[in-house]
Each structure stands twice: as C-alpha cells, then as structure tokens.
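Written below as structure tokens is the structure these notes are about.
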Amino acid sequence: LHGCFLIASSVSILLNSPAIRPILTLVTSCLWFLAISIIAHGANIYERTERRRNQAELAFRKLAIEDTLTGTLNRRGFLAQADSVIRQLELDAADGGVLEIDIDNLKTINDVAGTAIGDELIVRLGAIISRAVRKSDIVARLEADRFGVILRNASLSDSCQVAEKFLSVFRESNAAEIDGFGNATASAGISSLKTGGYDLRNLLLQVDLALRSAKTQGRNRSEIYRPGEAIRQSETLKLAFELQHALARDQISIVYQPQIDLSSGRLVGAEALARWEHPSFGRVPPDRFIPLAESNGHIISIGTWIMNSACGQLRLWIEAGHSNMTVAVNVSVHQLKDPGFVDVVLKTLTANEVSPNGLVLEITESVSMTSGDIGIETMRKLSSIGIRIALDDFGTGYSSLSYLRLLPCDYLKIDRSFIMDLPGNLDAVSIARAIIGMGRSLGLKIIAEGVENQEQAEFLQSLWCEEAQGYFYSRPLSPGEFLAWIQSWADAKMKPAKSLYGGQNG
Ligand code: C2E
Ligand code: CA
Ligand code: CA
C-alpha cells in the first residue's frame, strides 16, 4: 500500500508540472480526433451497407415479381397485385376483364424452328399486350407462353375487343416469318370479375377453361367463359380418352357418299366420311371427334386407317366392275404436315393395288393456307405421283386467285353454305358463278357439295359446274348400301332423262 501511494503521488507531481501539460493536451486532442474518426467511418460503412442491402432487397423483390424474359410481372407478382386490384374494384362495385392468352402450338414451333424463335414469339406477345393496355392494368407471364391480364373497369365486350386486338396484332406481326409454319397465332380465354364473383382462383379457372375451349375449337381465336364449361370439358375429356381405343375396339367405320357427273349423270366417285359409334355415347359426329383426334395426335393413326379402308373399298368396287371410280378421303392439317405422310399414301396405294389416279385427297381451303411451305410441298409431291387434290369447303377461306395458282390442286369443292341458297339468293348465285369462273380459268374441275334438290343440280349444271354430291343423290352410305344404291342409280338412268335425279335420299 505504501508503494502504491508513492507511485500515485509521483505521477500527480509529474502531471501537474508545467512542462508536461501542453504535451498532455496534445495527446488528449489526438485521442479525441481518433475516436471521432473511427465513429464517423463506422457510420459511413454502416450507411453504405444499409443502402446496398436496400438496393439488393429491391432488386430481389423486383426479380421475385418480375419475369426476366418479357419484363412483365411473373406469376407471383400477378397473384399479389391482382388480388389487391380485384378487392378495390369490388369495393367500387366496378367490373373488370380477366384474360389468359397463349401461343398456339408453341411446342411444335420450338421443336421445329428452335427455342430461340419460340422465345422471340413469347417476348413479342408480351410486348404487344403490354403496349396495348393501360398503365393501371395488370399484365403478367403466368407460365411458359401464357400471359394473364386484368383490365380495370372493362366490360365483357370491351375485354373481347381487346383480346381480338392482341390476337390479330400478334398474328400480323409474325406474317410468314416462321419457316414452314405459316403464321404463328395465339388464343385467348376471357372472363369478367362479376362472372367470377371477384374470386381470383375462380377467375383463373374460368379463363383457363375458356382458353382450352378456344384451343379445341381450332385455336387462333378468343372464347368467353360460359357457365357449365367445366361439365362440357369433362365430357370432352372422356370422349378424348375413349377415342384412343376407338380404332382397336372397331368403333370407327366409314360411309361413302356418291359423287355424280352433272352432265352425264354418271357415278364418278365417292367421298369417304368417318363415323364413330360408341357403346354409351352413341354416334359421335365427325365434326366433334375429328378436332379431338387432331388435338391429341390420334388423327394420324385414324386418318391412316381411313385411307387404307377407303382404298380397300375402292379395290372392291373396281373388282365389281366400276373401274373408273375414284375415292375421296379427307386429310387433316396434321396429316399434311406429318413428314411420313407421302410414304403412308404410297404404301396404302400399293397395299390395296390402287393406282394414284383412283385417290382424291380433300384438303380444306383454310388448311392449305395455314399449313405453310411444308403443306404445299407435300401437296406438290402427292400431285407429282398422280394423286389428285381437291380444295374442300372452297369459298370459306378467302383464297386469292394468285394464291390458288401456287397450289397444286385439281378440284375446287364449293362449300355447302353457298349451294344451300341456290338459285333464289342473288349473293349465292354470284358467289357460285365467281368460284366456277375462277376455277375454270385455272383449269380446275368444280364439284358442288350439299346439293339437296333438283333445282340446285340443274342450276349448277347451267353454270358449267362439272360434279355434284349431296342428299339429292344420296346420303353417305355403308359399303353394302352403296352397292345397292349403284344398282338403283343405274336403273334410274335407264328411264327417261327427266327422272334421272330421283331424289334418292337413302
Ligand atoms: P366435309 O368434308 O365438308 O363433308 C361433307 C359433310 O356434309 C358430311 O358431313 C356430309 O355428310 C354432309 N353432307 C353431304 N351432303 C349433304 C347435304 O346435301 N346436305 C347437308 N346438310 N349435309 C350434307 P359429316 O359426314 O358429318 O362430316 C363433317 C365433316 O367432318 C366433314 O366435312 C369433314 O370436315 C370431317 N370429316 C368427316 N370424315 C372425316 C375423315 O375421315 N377425316 C377428316 N380429316 N375429316 C373428316
Ligand atoms: Ca370433304
Ligand atoms: Ca365441305
């Protein structure tokens, strides 16, 4: 203790000495300066870190709700923002449109043209939608090529107009760019907040169903959600499932409708038309099951089977003495685009010992226009083999004369809708006359479908239409009925000319 006391008193004497005091003041100041600098630097670092953290958080939040490919919102962003917009509109008792838009056949485009083209199409569709809506509306890429849109204060009819605008601008922006695909198109499903009860989950379900219905109805269109759609679609799903086994279970058959030469009244051929008889669904019309088979790919096997059976039937007719007859088979766009199609046709002809000029392939005018270069190339190959091609449903697809010249076809088949109103309706008369004139100027044969009475038959003949087919001559018939019909038709021909067209409605 004594020692400590001695040290303390010596330090105190030293500190109080006048020589040490200035040095001490300097040291204290330095220490203060150092302390303040350290604190300031620390604060600076803290602020910078904090700012960086905020920026990172903002970027992260943006990333979390934004789609990097298109710059629109992503699904998460859509769900978050849509919910609050819907709540607000509900409070205001205002309506709004909900849309789902998606590119048609993107998978095929990716497979054939490459994913870079697919991505470009997605970006383009996103830009078209974003540009067309108001700032306060919501646009998001919900998944792959599917966009969701919420239009504030829009009625159902406003939404339809907007959707149609998206689709047409998108279609036009792709004109003839994608090799072999014609124009890439998109489809849309539409509902409104009021229809969906301001419930986002419900609304997404409704636009999904509507979009699916747009796809099954042939794509490149918009569809409004209809109540009961879920039931209809579950029926369609059941049908699609059953269709997988229809061939194996012998439920598909073919009926044949006679085709007549108008000037001689001679039977020149028959169109093969598919029928599906299901044990519990009953007879499913081809207008219903062919699009289904097209959407799930079964059309290739069903189409091949139909062509094979039709050629087999032609062989039987030839053997029965009707050697100049042809058989016409309807071809779907999927078959036409199938790389193996020409081979399948050749093999079918060989297997049934039918010469190429016995087969006519009916391709709808719109299919020939949308199947692109691949389709036209296939038509050329088939035509060079000697198979004849008929443009079916002609008049409904707006083909121009210059376009027609590009197509290797032999027949124009005037659509039933134009024949129906002949000869009383002046518009129908001028359309029929124009089609026949156009076809003849290109050296094509003209066949009229859906001829139901003698007046129509005589009028068409007076316009120089070569061939006709329709209930006036006969309904489509089973092979057995067809043979009986041939006999009765020959018998009728033996009678005076006036009763040649006997109104055989079979
Ligand atoms: P489409 O090729 O235009 O066939 C003509 C349709 O009109 C047939 O209907 C035929 O039964 C019907 N029809 C014929 N004459 C008359 C008439 O005088 N009046 C009326 N009102 N109708 C008549 P169907 O058999 O129901 O076929 C409908 C469509 O289904 C066909 O139209 C075709 O697009 C498609 N289809 C039918 N079979 C096949 C097939 O084997 N393959 C493909 N890809 N499509 C097929
Ligand atoms: Ca046809
Ligand atoms: Ca037709």
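In listed order, ligands and their atoms are each counted from 1.
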Discussion item. Looking at Arg212 and Glu100, is there a salt bridge between them, counting it only when a charged N and a carboxylate O are closer than 4.0 Å?
Written reply: no
Discussion item. Please compare Pro286, Ala272, Ser309 and report which has the shortest non-hydrogen distance to atom 37 (C) of ligand 1.
Written reply: Pro286
Discussion item. Counting only heavy atoms, tell me which of Glu449, Gln469, Arg416, Met307 gets closest to atom 6 (C) of ligand 1.
Written reply: Arg416
Worksheet, complete the sentence: Quick look: Val255 vs ligand 1, heavy-atom contacts under 4.0 Å, and the answer is neither
Practice prompt. May I ask you to list the atoms of ligand 1 that are less than 4.0 angstrom from any heavy atom of Asp393?
Written response: 3 (O)
Fill in: N or O contact, Glu271 vs ligand 1, cut-off under 3.5 Å
yes
Fill in: Trp317-Tyr256 aromatic ring centre distance below 6.0 Å
yes
Worksheet entry | side-chain hydrogen bond (donor to acceptor under 3.5 Å, both in side chains), paired with Gln469, selected from Glu449, Arg416, Lys413 | Lys413
Worksheet item: Any idea which N/O/S atom from Asp392 gets closest to the Ca ion (ligand 2)?
Response: OD2
Worksheet entry | Heavy atoms from other residues, nucleotides or ligands near CD of Glu455 exceed 12 (cutoff 6.0 Å) | no
Worksheet item: Rounded to 10°, how big is the angle at the Ca ion (ligand 2) from Asn330 OD1 to Glu271 OE2?
Response: 90°
Discussion item. Could you tell me, atom by atom, which parts of ligand 1 come under 4.0 Å of a heavy atom of Glu452?
Written reply: 17 (C), 18 (O), 19 (N), 20 (C), 21 (N)
Discussion item. Salt bridge (Lys or Arg N to Asp or Glu O under 4.0 Å) for Asp261 and Lys445? Distances and angles first, verdict last.
Written reply: CA-CA 11 Å; Asp261 177 87; Lys445 259 194 171 170; 5.6 Å; no
Worksheet item: Hey, is Pro476 one of the residues with a heavy atom under 4.0 angstrom from ligand 1?
Response: yes
Practice prompt. Would you mind finding which of Leu336, Ile252, Ile306, Asp287 brings a heavy atom closest to atom 30 (O) of ligand 1?
Written response: Asp287
Item to complete: Flag the pair Glu229 and Arg232 as a salt bridge only when some basic side-chain nitrogen lies within less than 4.0 angstrom of an acidic carboxylate oxygen.
Response: yes
Discussion item. Quick check for you: to the nearest 0.5 Å, what is the distance between Ser222 atom OG and Ile190 atom CD1?
Written reply: 4.0 Å
Item to complete: Using a 4.0 Å heavy-atom cut-off, say whether Ile254 meets ligand 1 through its side chain, its backbone, both or neither.
Response: neither
Worksheet item: Gly470 heavy atoms, cut-off 4.0 Å: which ligand 1 atoms fall inside?
Response: 15 (N), 18 (O)
Fill in: NZ/NE/NH1/NH2 to OD/OE distance under 4.0 Å, Lys381 and Glu377
no
Worksheet item: Less than 4.0 Å between a side-chain N and a carboxylate O, is that true for Arg171 and Asp104?
Response: no
Worksheet item: Is Ala274 close to ligand 1, meaning an N/O of one under 3.5 Å from an N/O of the other?
Response: yes
Discussion item. Heavy-atom contact check, 4.0 Å cutoff: does Gly450 meet ligand 1?
Written reply: yes
Worksheet item: Any N or O on Gln335 sitting closer than 3.5 Å to an N or O of ligand 1?
Response: no
Discussion item. Would you say the Ca ion (ligand 2) has Glu362 as a near neighbour, meaning an N/O/S atom of that residue under 3.0 Å away?
Written reply: yes
Worksheet item: Taking only heavy atoms of Gln257, which atoms of ligand 1 are found under 4.0 Å from at least one of them?
Response: 14 (C), 15 (N)
Response to the item:
One should read off an interatomic distance between Ile101 CD1 and Phe166 CZ, to the nearest 0.5 angstrom, of 5.0 Å
Worksheet entry | Under-4.0 Å heavy-atom contact with ligand 1, by part of Ile290 that carries it | side chain
Worksheet item: Can you tell me how far the CZ atom of Arg226 sits from the OG atom of Ser191, to the nearest 0.5 Å?
Response: 12.5 Å
Fill in: Ile446 side, atom CD1; Phe394 side, atom CZ - distance, nearest 0.5 Å
8.5 Å
Discussion item. At less than 4.0 angstrom from any non-hydrogen atom of Asp392, what atoms of ligand 1 do you find?
Written reply: 2 (O)
Fill in: NZ/NE/NH1/NH2 to OD/OE distance under 4.0 Å, Glu242 and Lys238
no
Item to complete: Examine ligand 1 and decide if any of its atoms is less than 4.0 Å from a heavy atom belonging to Arg275.
Response: yes
Discussion item. Regarding atom 23 (C) of ligand 1: of the candidates Tyr471, Phe472, Tyr473, which has the closest heavy atom?
Written reply: Tyr471
